[in-house]
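Excluded from the calculations below are hydrogen atoms, water molecules and symmetry mates; all remaining heavy atoms, backbone and side chain alike, are included. The residues of the chain are indexed from 1 along the displayed sequence. All figures in this text were calculated on a predicted structure; none of them were measured in a lab.
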Amino acid sequence: MVQKIKKLVFGKAKDPLDPQVFHSLSLIAFFAWIGLGADGLSSSCYGPEEAFLSLGPHSHLALWLTLAVVGTVFLLSASYSQIIEAFPSGGGGYLVATKLLGPVPGVVSGCALLVDYILTISISIASAMDAIFSFLPHGLIEWKFTAAILCLLILIVLNLRGVKESVLVLTPIFLIFVFTHIFFIFYGIFTHGNGLPVLVSDAVQDTRAGIYDLGFFAVALILFRAFALGGGTFTGIEAVSNGVQILREPRVATAKKTMFYMAASLSFTAGGLLVNYLLNNVHSVPGRTLNATLIEGFTHHWPGGHALFLITMVSEGALLIVAAQTGFLDGPRVMANMALDRWLPRRFTNLSERLVMKDGIVLMGVMALAMLWYTHASVRILVVMYSINVFLTFTLSQLGMVLHWIQDRGKGWIHGFLVNATGMILTLGILVMTAVIKFSEGGWVTLVVTGAFIFVCVMVRRHYHKTIMALRSLNQVLSDLPLPDVVIPPSIQPHAPTAVLMVGGYNGVGIHSILSIQRVFPGHFKNFVFLSAGIIDSGRFKGRAEIDALMRSVEQDLAKYVKLANKLGFYAESKAGLGTDVIEELDLLCQQTALVWDKKVYFMGQLAFEGETFWTRLLHNQTSFALQRKLLFNGMEAVILPIRLR
């Protein structure tokens, strides 16, 4: 029953060895625009509002603000298109900073990006609740936080089912938002068509008057302050470069097409809304977003206008929920990249039977829940926390690309340099302005959380480094044992005791395990069977070529173990498997071995640390203990061989 419920909720398992699996899971540009671009497009629901309200009595500056927003969207999109070309395998801000600036800027960028994606989920859901509850009866407002938690749990389940499945489910919501907002933006502008020249003229005159009264730098500061505090409008632009791995081949072309869709839709929506706020003299109403006030003003006297208003606002709230997808799609991938570089536990590279990074998705959901609880789903606080980290990542990425163009100086390097340098100056300015102005309103929390995350990553990497150094010493001692070559391998003894040893790569741990078996059971075992499972994780699950290379590597390592056992005077053979779950694959290999050998004992090595703690158990898998329990309850003898490390 448990398996049936699991299959119903999460779907049946997918085969990573299926030749069509990569094609079936990858996204074309249109669906990538929905899955990865929804974050950018949804920021038009709160970024322009925050910027417009920050102008205060100087609302005439909204026209110049619109031009700045549209220009910045296309500038950042162009700069990230260059990042996609330079790093076609994906990785985004973390990989750019690591490769071009070094590991320290890399981990800072990676941690900032992860916190940013956690906040993407939090702010998207919180904004969705604001949009939806802005037209519901006021008495229901007390259920807003509960509804936010429920939406978060639903998204976690959807993403555990798979990337493409979650995007397909949310596609209708995205399209309804796009069509309704295009309609209202055009309607708001064209119904005031005669007023546009007057609007431009008034904006110019009011700006001149403001400069005369306040001075040029004061007006520029007011405009840049609003531009910076509305920086949430630009969040999400980096998502495509981080998620290139999930796009349909040719990935670079698909990513650039997706980036164009995102830039065009975001600039049109954000710029159109700002112009409409100004044209229609929209003011803040307690309990309502500016978008709700604007659209209700359009539909108030229309036949069926209230229904259209409700559909539009529901689509806006629902799109914000779709935007949380970006955090669930890209966040676990950043975690996996950092785990491959040993900044995070290796478990974050593992794939579930649905071929998604389950641990990363769950952690992103739990952390987003914590952020919603801390801020009680307040968009104003979350926007500040959100903007600081995303622009920290933006700045590091742009800086890395600036250095790349200076060092490379290939064809078109001047154009690339100017695009990234301008982007770096803009994003750095927004970062500094937001951090200074909003430090006491929640900005400090972001900096503290990000700093704590960086500290944890440093401690993880330090532990792994010490472990690698200890294992390297073990490898050096055992890898070159002075043993004679064997011309004729020993013959099989099918009815003699057989040691079945699970190994993971040809290294000191496996060699130590062979010698330990001989030391503990001298002369008892006559045959050796080596089992190894190649694990298809996020680092390998990129194409058929990587999976085939993994299988070859596993078979080559097993051949070395067979040769070593022959030199020690034992008959030996091996068996290999591939899969996403090491315990399931090894268990299957053990069952196959049990059908061949009568007198067998299963052995597996396990690293043992002096003063073992929760920390060491967290950072190192407990595969041996889990597999031993499984084998014992299946009636098989299993022994764990400890390998002591200091």
inquiry  = Can you see whether T450 engages N389 through a side-chain donor-acceptor pair at a distance of less than 3.5 angstrom?
reply    = yes
key: Flag side-chain contact, heavy atom, 4.5 Å: S315 against F179   = no
inquiry  = Looking at every heavy atom in both G534 and L550, which two are closest together, and how far apart are they?
reply    = C-CD2, 3.9 Å
query = What's the spacing between L119 CG and L114 CG if we round to 0.5 Å?
reply = 11.0 Å
query = Would you find a donor on one side and an acceptor on the other, under 3.5 Å apart, between the side chain of S267 and the backbone of A263?
reply = yes
key: Parallel, tilted or perpendicular, as decided by the 30° and 60° cut-offs, for the rings of F227 and F224   = tilted
request  = Using the side-chain contact (heavy atoms from CB on, under 4.5 Å) rule, take H404 and M401 through it: C-alpha gap first, then chi angles, then the decisive distance, then the call.
outcome  = CA-CA 5 Å; H404 165 72; M401 288 302 293; 3.9 Å; yes
key: Side-chain touch K358/L160, heavy atoms, less than 4.5 angstrom   = yes
request  = Please check if the side chain of S109 supplies one atom and the backbone of G93 the other of a donor-acceptor pair under 3.5 Å.
outcome  = yes
query = Under 6.0 Å between ring centres, would you say that holds for Y80 and F394?
reply = yes
ask   = Within a reach of under 6.0 Å around CZ of R461, are more than 12 heavy atoms found that belong to other residues, nucleotides or ligands?
value = yes
ask   = What distance separates S124 OG from M129 CE, expressed to the nearest 0.5 Å?
value = 10.5 Å
query = If we only count heavy atoms from C-beta on, is the L363 to M367 side-chain gap below 4.5 Å?
reply = yes
task = Measure from the side-chain N and O atoms of S79 to the backbone N and O of L76, and report whether any donor-acceptor pair falls under 3.5 Å.
result = yes
message = Contact between L273 and F52 at the side-chain level, heavy atoms closer than 4.5 Å - yes or no?
response = no
Minimal non-hydrogen separation, I125 against A324, with atom names = CG1-CB, 4.4 Å
request  = Over all heavy atoms of both residues, which pair between L152 and G365 is shortest? Give the atoms and the distance, please.
outcome  = CD2-O, 3.5 Å
request  = Only counting residues at least two apart or in another chain, list the ones meeting ring pair (Phe, Tyr, Trp, His ring centres under 6.0 Å) with F145.
outcome  = H376
key: Shortest non-hydrogen contact between C457 and V107, atoms and distance   = CB-CG2, 3.8 Å
Stepwise side-chain contact (heavy atoms from CB on, under 4.5 Å) check, I118 with V449 = CA-CA 11 Å; I118 292 168; V449 170; over 6 Å; no
request  = Begin from the C-alpha positions of L41 and V178 and carry the test side-chain contact (heavy atoms from CB on, under 4.5 Å) through to its verdict.
outcome  = CA-CA 9 Å; L41 186 57; V178 169; 3.9 Å; yes
ask   = Run the side-chain contact (heavy atoms from CB on, under 4.5 Å) check on L223 and L65 step by step: do they pass?
value = CA-CA 7 Å; L223 181 60; L65 185 62; 4.1 Å; yes
task = Report the residues that fulfil ring pair (Phe, Tyr, Trp, His ring centres under 6.0 Å) with F177, sequence neighbours left out, ordered by chain and then residue number.
result = H181
Heavy-atom side-chain proximity of M357 to L351 below 4.5 angstrom = yes
request  = Taking the side chain as every heavy atom from C-beta outward, state whether I83 and S397 have any atom pair closer than 4.5 Å.
outcome  = yes
inquiry  = Has T395 got a side-chain atom pairing as donor or acceptor with F391's backbone, closer than 3.5 angstrom?
reply    = yes
message = Looking at W413, I want to see if its CH2 is surrounded by more than 12 non-hydrogen atoms of other residues, nucleotides or ligands under 6.0 Å.
response = yes
inquiry  = Rounded at 0.5 Å granularity, tell me how far CD1 in I535 sits from OG1 in T580.
reply    = 7.5 Å
Straight-line distance of H465 NE2 to T467 OG1, nearest 0.5 Å = 10.0 Å
key: Pairwise side-chain hydrogen bond (donor to acceptor under 3.5 Å, both in side chains) hits with a residue in residues 255-265, at least two apart   = W33-S265, E85-K256
request  = Would you please name every residue forming a ring pair (Phe, Tyr, Trp, His ring centres under 6.0 Å) with Y464, sequence neighbours left out?
outcome  = H620
remark   = Tightest non-hydrogen contact, residues L372 and A126, listed as CD2-CB, 4.2 Å
task = Output the distance between atom CG (L266) and atom CZ (F74), rounded to the nearest 0.5 Å.
result = 9.0 Å
Side-chain touch M364/P332, heavy atoms, less than 4.5 angstrom = yes
ask   = Between OG1 of T422 and CG of L75, what distance do you get to the nearest 0.5 Å?
value = 6.0 Å
inquiry  = Counting C-beta onward and ignoring hydrogens, is there a side-chain heavy-atom pair between F87 and L100 closer than 4.5 Å?
reply    = yes
key: Qualifying residue for side-chain contact (heavy atoms from CB on, under 4.5 Å) with Y94, from V108, N337, L396   = N337
ask   = Mind checking what makes side-chain hydrogen bond (donor to acceptor under 3.5 Å, both in side chains) contact with E49, not counting sequence neighbours?
value = none
note = Nearest heavy-atom approach of S77 to M259 is O-CG, 3.7 Å
query = Taking only residues two or more places apart in sequence or in another chain, which ones pass salt bridge (Lys or Arg N to Asp or Glu O under 4.0 Å) with D408?
reply = none
